[in-house]
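To start, the structure under review is shown below, and the notes come after it.
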Amino acid sequence: MDKKKVMLSGIQPSGDLHLGNYLGPLRHWPEMIEEFDCYFFMADLHTITVRQDPAQLRKRTLTQIAQYIACGLDPEKCVLFVQSHVPAHAQLSWVLNCYTMFGELSRMTQFKDKSAKHAENANAGLFTYPVLMAADILIYQPDFVPVGEDQKQHVEICRDIAERFNGVYGEVFRVPEPYIAKVGARIMSLNAPEAKMSKSLPEGCVFLMEKPEDILRKFKRAVTDSDTERCVRYAPAEKPGVSNLIQIYAAATGKSYEAIEAEFEGQGYGKLKPAVGEAVVEALRPIREETERLLQDKAYLESVYRAGAEKASYVAEKTLRKVYKKVGFLAR
Ligand code: TRP
């Protein structure tokens, strides 16, 4: 039998997961673990490049693990772990720092944005963030890294670093391909449908753990469009608000756009909003309930991330040993 291709993704536990995350990439991950050997980790080392509340960070990391399992990432079928539990990431990151140029890091758009946004804390970690990410990736020798638009430049620099290192020492790292994953729906903010749904616009954002009554309230207040037609029709350019609601309704129920337009024929936007709210509540209910159940079972979650760290470390340390040997460190 062919060996499965390897795929890896890190997610920062810097905020609570929301409907945009879920209906976007997250929903496709359970299919991916059938096709690839997958590593998923909580990128807590990356998260502290911006100040975090320690208790919140701990809680979010654990909640996110529970949510991934609740969303269908069976920990028996993929490697689920916490980045800081596998010290080899930070160790490889140091080595790669010495093969990454000051100039190329200075040109990264995310560094420029974030150091401007957090001018009072433009720390060195923010600057070398892409090197740590390159280490995260290269240490597992993956074939693919699924990326959204915002992370593409980071995968590019990872490839550059790998090629530079391989150029000096031979084929140490597999140079991964960016993988344009099925991104699923691109969900927009409920109260500002020109912007992507995001935790920084909390009133237009539905969180996975939110109470049903709060979800329903947010949908009732969703912005619709001020066109005169007032009919429920999918037309993102003319009717961004209504089209976003139709898209969410379709994703939550599996109904087609045509079926939804027919369902609301002759009715205004007023009927659509609560219907979408209820469909979302029902779609999220099993995930929220399963997450809550898992969070009651700390011993189980602990066993998951411990086993994950063990499996990940085995692979990561193998790569690290090879790198240490290549650069000339004396073996212990
Ligand atoms: N930088 C990524 C983000 O903010 C998270 C991340 C860290 C990551 N290490 C990674 C993603 C390695 C893919 C591979 O979304």
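One-based numbering, in listed order, for ligands and for the atoms of each. As the structure is a prediction and not an experimental result, all values here were calculated from the model. All residue numbers refer to positions in the sequence shown, counting from 1.
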Q) So which protein heavy atom does atom 9 (N) of ligand 1 come closest to, and at what separation? A) D136 OD2, 2.7 Å
Q. In Å and rounded to the nearest 0.5 Å, what is the CD to CZ distance from Q153 to R107?
A. 9.5 Å
Q) Looking only at protein heavy atoms, which one is nearest to atom 1 (N) of ligand 1, and how far off is it? A) Y129 OH, 2.8 Å
Q) What is the ring orientation for Y129 with H46, classed by angle as parallel under 30°, tilted 30 to 60°, or perpendicular over 60°? A) perpendicular
**Q.** Q83 contact mode with ligand 1 (heavy-atom cut-off under 4.0 Å)
**A.** neither
Q. To which protein heavy atom is atom 3 (C) of ligand 1 closest, and what is the distance rounded to 0.1 Å?
A. Q151 NE2, 3.4 Å
(Q) For D150, which part has a heavy atom under 4.0 Å from ligand 1: side chain, backbone, both, or neither? (A) neither
Q.
Just to be sure I read this right, does ligand 1 sit under 4.0 Å from the backbone of L8, its side chain, both, or neither, counting only heavy atoms?
A. side chain
Q.
Heavy-atom pairs closer than 4.0 Å: do any link ligand 1 to the side chain of F41, the backbone, both, or neither?
A. side chain
Q | Residues in side chain to side chain contact (heavy atoms under 4.5 Å, CB included) contact with R58, at least two apart in sequence or another chain | A | P54
Q: Check the angle between the aromatic planes of F127 and F102 and answer parallel, tilted or perpendicular using the 30° and 60° thresholds.
A: tilted
(Q) Looking only at distances, can you tell me whether any N or O atom of Q12, backbone or side chain, sits closer than 3.5 Å to an N or O atom of ligand 1? (A) yes
Q: For atom 13 (C) of ligand 1, grab the closest protein heavy atom and report residue, atom and distance to one decimal in Å.
A: G10 N, 3.5 Å
Q. What atoms of ligand 1 come closer than 4.0 angstrom to any heavy atom of H46?
A. 7 (C), 9 (N)
Q. Given L138, which of T319, L96, V172, V175 fulfils the side-chain contact (heavy atoms from CB on, under 4.5 Å) condition?
A. L96
